[in-house]
Amino acid sequence: DAGVTQSPTHLIKTRGQQVTLRCSPKSGHDTVSWYQQALGQGPQFIFQYYEEEERQRGNFPDRFSGHQFPNYSSELNVNALLLGDSALYLCASRRVDGANVLTFGAGSRLTVL
Amino acid sequence: AQTVTQSQPEMSVQEAETVTLSCTYDTSESDYYLFWYKQPPSRQMILVIRQEAYKQQNATENRFSVNFQKAAKSFSLKISDSQLGDAAMYFCASSNSGYALNFGKGTSLLVTP
């Protein structure tokens with residue numbers, strides 16, 4: 001049973017560029033959320049998607065946007081990259097009617113130069 | 001808003017010994033969940049244990065147990081019979097009813113032979 005898969009695992013961008021990160025949830029899960037984990041910090045909630053709509057959003061600027069597809073997979077887009085966007089981006093999934101337990105992917109490591 | 005504080009940046013324990021990781025949280029909600037996650041060098045967050053705030057009984061999962069003090073807003077993790085594979089970053093987190101997780105800054109656990 002595949003868990004949460006994320007791609008790419010590592011990428012390097014320069015300031016001002018745009019990036020798209022992808023996530024496939026665990027089989028049977030319909031809700032996807034994204035977290036940003038800066039070096040040496042705990043993850044911070046970006047947003048959560050269910051039924052292809054953003055349901056809840058953390059304290060992140062509009063440069064961060066997302067999408068959920070009919071097959072429940074999700075994308076995180078970040079525009080106008082800043083040096084401070086360098087971080088590990090974690091995707092997590094759950095069943096909306098299941099227990100309050102998230103399954104995390106291994107993350108995408110973004111470096112902005 | 002919920003905040004989670006982990007006051008121990010690093011802890012060390014000898015193999016087979018017991019160690020306790022501290023966590024305090026602050027929330028105005030009456031219904032919430034508390035979690036301990038483990039993040040090994042592979043980066044994937046792994047759920048260690050979960051506690052529902054309305055349950056007075058402390059959660060246990062094999063060698064892992066919590067001491068949940070609701071009035072004091074304290075949620076510590078005890079690891080018994082520590083193993084080399086327990087070495088990782090440990091994050092305490094809180095959540096309201098299935099939504100965003102609020103993480104602490106983490107405690108790095110070193111296990112020595």
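A, B, ... follow the sequence lines: proteins, then strands. Residue 1 opens every chain. Just so we're clear, the structure is a prediction, and the values are computed from it rather than from any experiment.
For chain B, the nearby part of A/L90 is the side chain; its heavy atoms alone come within less than 4.5 Å. If you measure heavy-atom distances from A/Q41 to chain B, the contacts under 4.5 Å come from both the backbone and the side chain. Of the two parts of A/Y35, only the side chain, counted from C-beta on, holds a non-hydrogen atom closer than 4.5 Å to a non-hydrogen atom of chain B. With a 4.5 Å cut-off on non-hydrogen atoms, B/Q39 touches chain A through its side chain but not through its backbone. Neither the backbone nor the side chain of A/Q6 comes within contact range of chain B; no heavy atom of the residue lies under 4.5 Å from a heavy atom of that chain.
B/Q44 contributes a side-chain N or O that, together with a main-chain N or O of A/F104, makes up a donor-acceptor pair within less than 3.5 Å.
Clustering ILVMFWY residues whenever any of their side-chain heavy atoms sit less than 4.5 angstrom apart, transitively, puts A/F47 in the very cluster that holds A/V32. A/V19 and A/L88 end up in different hydrophobic clusters when Ile, Leu, Val, Met, Phe, Trp and Tyr side chains are linked at under 4.5 Å. Put simply, A/F45 and A/W34 are part of two different groups of oily side chains (I, L, V, M, F, W, Y) that touch within less than 4.5 Å, one to the next. In the hydrophobic clustering of ILVMFWY residues, with side-chain heavy atoms under 4.5 Å counting as a link, B/L34 and B/W36 come out together. In the hydrophobic clustering of this structure, A/L113 does not group with A/Y89; members are Ile, Leu, Val, Met, Phe, Trp, Tyr whose side-chain heavy atoms approach within less than 4.5 Å, directly or through other members.
Listed here is the closest heavy atom pair of B/F91 and A/G42: CE2-CA, 3.4 Å. Nearest heavy-atom pair, B/S42 versus A/A106, reported as atom, atom and distance to 0.1 Å: O-CB, 4.1 Å.
Within 6.0 Å of CG in A/N59 there are 12 or fewer heavy atoms belonging to other residues, nucleotides or ligands. Counting non-hydrogen atoms of neighbouring residues, nucleotides and ligands closer than 6.0 angstrom, the OH atom of A/Y72 reaches no more than 12 such neighbours. For B/L84, the CG atom is densely surrounded, since the number of other residues' heavy atoms within 6.0 Å is greater than 12. Under a cut-off of 6.0 angstrom, the local environment of CZ in A/R57 is crowded, with over 12 non-hydrogen atoms contributed by other residues, nucleotides or ligands.
Using a 4.5 Å heavy-atom cut-off against chain A, the contacting residues of residues 101-113 of chain B are B/L101, B/F103, B/G104, B/K105.
Between chain A and the options B/M45, B/M89, B/E52, the largest number of non-hydrogen pairs under 4.5 Å is found for B/M45.
Of the inter-residue distances, the one linking B/R43 atom CZ with A/S108 atom OG reads 7.0 Å to the nearest 0.5 angstrom.
Side-chain contact check for B/Y37 versus A/P43: every heavy-atom pair is 4.5 Å or farther apart.
Legend: residues meeting side-chain contact (heavy atoms from CB on, under 4.5 Å) with A/S65, ordered by chain and number and at least two apart, are A/N77.
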